[in-house]
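Throughout, numbering of the chain's residues begins at 1 and tracks the sequence. Whatever order the structure lists them in is the order used to number ligands and atoms, beginning at 1.
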Amino acid sequence: MDHFLYRDGALYAEDVPVTEIAAAVGTPFYVYSTATLKRHFQLFDDALAWGDHLVCFAMKSASNQAIIKLLGDAGAGMDVVSGGEYLRAKAAGIPGERIVFSGVGKTADEMRMALEGGIRQFNVESEPEMIVLDQVAQSLGVVAPITVRVNPDVDAKTHAKIATGKSENKFGIPISRARDVYAMAAKMPGLKVIGIDVHIGSQLTELAPFEAAYRKVAELTETLRADGHEITRLDLGGGLGIPYSRSNEAPPLPTDYGDLIKRTVGHLGCEIEIEPGRLISGNAGLMVSKVIYVKSGEDRDFLILDGAMNDLIRPAMYDAYHDIVPVIEPQPGAEPAKYDIVGPVCESGDTFAKGRVMPAVMPDDLVAFRSAGAYGAVMSSEYNSRPLIPEVLVDGDQFAVIRARPTYEEMIARDTLPEWLV
Ligand code: LLP
C-alpha cells in the first residue's frame, strides 16, 4: 500500500500533484509520503502487539531527520550503524534509550559518543569489538548493555550483496562459538549481557530463512540461560522484502512475520526488537526525473533521463528492478514503447532498465521511479559533479523540502586548494 496514485490524469503524492513539486524544486528529486511511512511502521508495531517490543527503524535505509522525527513521534526506536546516524537520530529527538547501535566496525570514538549520549544497547559483532567496548565503558565508569550478534549460517535467498547470515559473510560471530563469547562477556566489568541479536539479510521474500534463524536463536537462548546468562531481549534484525514489481511479487506481510516471531521465540518471555528499514521506507518514496532526450540507437531506443546512477544506484549495483511510470497518466489504449532507460553519467552501468516496455514518453515529460524511498537518497553521491538531489516530504495536501539541492557553487566550494597551489 502506498499513497502515490493517479488522480484526474496525473500522479499524486498523497494530495499533492507530483507536477506541482517538480515545478517548485526542479528535477530530479525524491518525495516521501508521511502516511505511508506511518502506516508501515504501524503494521510492524501491530504485528508484535502480542508482547513487549520495540520496532527500531533501520536508519541506513532513509536517514533524513524529518523521516526520523515523524517515525520517532509514532513511537519508533532507531537502529544506527555509525556515529553519524547516532547523532542524526539524537538531532531528530530520539532518546538514547530507543537507539540500538549495530555494525561490524564500531570505533572507540563511536562507542564513547553513544555511551555518553545514551544508548539502548550495542549489538556486538566480534570478540575484539567486545574488548574495546569493555575498555571504553570502564574508562567512562559506565556499563554498556550488549547483545552479541550471532551468525546462524542460514541462506537468506536474496541478492549476494545483501545476504549477511551465511558463515562466509563478515557479520556476527559463528553461532557455534556463542557460548564461549558469552562466557567471555560475562567476565567483563564494563559490559552487561542482556540478549541476542541476529540479522540474516535484506529483501527477503520468504519467511523460511527467518524461521530457520529464529529457531536457532530460541535454542541458543535456552542454552545461554542454562549457562547462567540473563537473556531478556532478542533483536531479530530487519530484512522483510517489499514488492518492487507490483504485477508479480507478493512477499509476506508484517502480520505473517509477527506471527512467525511469536511462534518461534514467543514462549521465551523476551522483549522483542526488530530493525526493519526497507519495508517502512521503500514504498514510501519516489524518485522523480525528467526525460531529456529520446535517442534512437542501432536496434533500440534510449530514454535519457536527468536522474542517474549517482542519484539512485540500486539498478547499477544490484541489478535492482524499479517500476518506472509516467507522471501524466497515459491514455487508455495508448501504444506502449520499449526503451533502455539511462542517465547522463559517463558509464554504461548508468542504466536503470533494459528493454523496458512502458507508455511512450517525450522530452520534458516526468517519470517516477517507484519504491525508491529505501536505499535511494542515502546511497546517492555527487559522481560526475552532479549535486545531491533534493528530498521532499508530503503530508496530506502540504509539502516541504527536507533536504535542499546544493547549488553548484556550494558543491564546488567544499574543495579547498592547498596553499602551495594557490
Ligand atoms: N539491521 C541490520 C543489521 C542491517 O544490516 C540491515 C540492512 C537492516 C537491519 C535493515 O534491513 P531491511 O529491513 O532494510 O532489509 N543497499 C541495499 C540494502 C542493504 C541492506 C543492509 N543492511 C539495497 O539497496 O538493496
Any side-chain to backbone donor/acceptor pair from T164 onto H199? Under 3.5 Å, distance only. yes
Would a distance-only check, ignoring hydrogens and angles, find a side-chain to backbone donor-acceptor pair under 3.5 Å from S202 to I162? no
Check if S61 has a non-hydrogen atom at a distance under 4.0 Å from any atom of ligand 1. no
Find all atoms of ligand 1 within a distance of less than 4.0 Å from any non-hydrogen atom belonging to I162, and give their numbers and elements. 17 (C), 18 (C), 19 (C), 25 (O)
Please determine if S102 has a nitrogen or oxygen closer than 3.5 Å to a nitrogen or oxygen of ligand 1. no
Please determine whether the number of non-hydrogen atoms from other residues, nucleotides or ligands lying under 6.0 Å from atom CZ of R179 exceeds 12. no
Where the closest heavy atom to atom 22 (N) of ligand 1 is concerned, which of E275, K60, E125 has it? K60
At a 4.0 Å cut-off, with the gap strictly under it, does some heavy atom of T164 reach an atom of ligand 1? no
Tell me the protein heavy atom at minimum distance from atom 24 (O) of ligand 1, and give that distance in Å. R314 NE, 2.6 Å
Ligand 1 versus Y318, non-hydrogen atoms closer than 4.0 Å: side chain, backbone, both, neither? side chain
Identity of the nearest option to atom 15 (O) of ligand 1, non-hydrogen atoms only, from P276, S202, A163: S202
Give the single entry among F44, F57, Y375 that approaches atom 11 (O) of ligand 1 most closely by any heavy atom. Y375
Give a yes/no verdict on whether any heavy atom in M379 is under 4.0 Å from an atom of ligand 1. yes
Tell me if the CD atom of E230 is crowded by more than 12 foreign heavy atoms within 6.0 Å. no
Measure the acute angle between the ring planes of Y32 and Y30, then classify it against the limits of 30° and 60° as parallel, tilted or perpendicular. parallel
Taking the inter-plane angle between the rings of F101 and Y86 on a 0 to 90° scale, is it parallel (under 30°), tilted (30 to 60°) or perpendicular (over 60°)? parallel
Run the numbers for me: atoms of ligand 1, each under 4.0 Å from some heavy atom of R149, listed by number. 3 (C)
If we only consider heavy atoms of L279, is any one of them less than 4.0 Å away from an atom in ligand 1? no
Per-atom contacts of ligand 1 with D79, taking only distances under 4.0 Å to non-hydrogen atoms: 1 (N), 9 (C)
Subset of ligand 1 atoms that lie under 4.0 Å from at least one heavy atom of G239: 11 (O), 12 (P), 13 (O), 15 (O)
Decide if atom OH of Y6 counts as having more than 12 heavy atoms of other residues, nucleotides or ligands within a radius under 6.0 Å. yes
With respect to R120, which candidate in E275, E97, E271 satisfies the salt bridge (Lys or Arg N to Asp or Glu O under 4.0 Å) definition? E271
At what distance is the nearest protein heavy atom to atom 8 (C) of ligand 1, and which residue and atom is it? H199 CE1, 3.4 Å
Check whether any side-chain heavy atom of R314 sits under 4.5 Å from a side-chain heavy atom of Y375, and report yes or no. yes
Y244 and R278: side-chain donor and acceptor closer than 3.5 Å? yes
So, D319 versus Y321: side-chain donor-acceptor pair below 3.5 Å or not? no
Per-atom filter on ligand 1: closer than 4.0 angstrom to a heavy atom of R278 are 12 (P), 13 (O), 14 (O), 18 (C), 23 (C), 25 (O)
Mind checking whether M317 contacts ligand 1 via backbone (N, CA, C, O), side chain (CB onward), both or neither, at a 4.0 Å heavy-atom cut-off? neither
Pull out every atom of ligand 1 sitting under 4.0 Å from any heavy atom of G277, numbered as shown with elements. 12 (P), 13 (O), 14 (O)
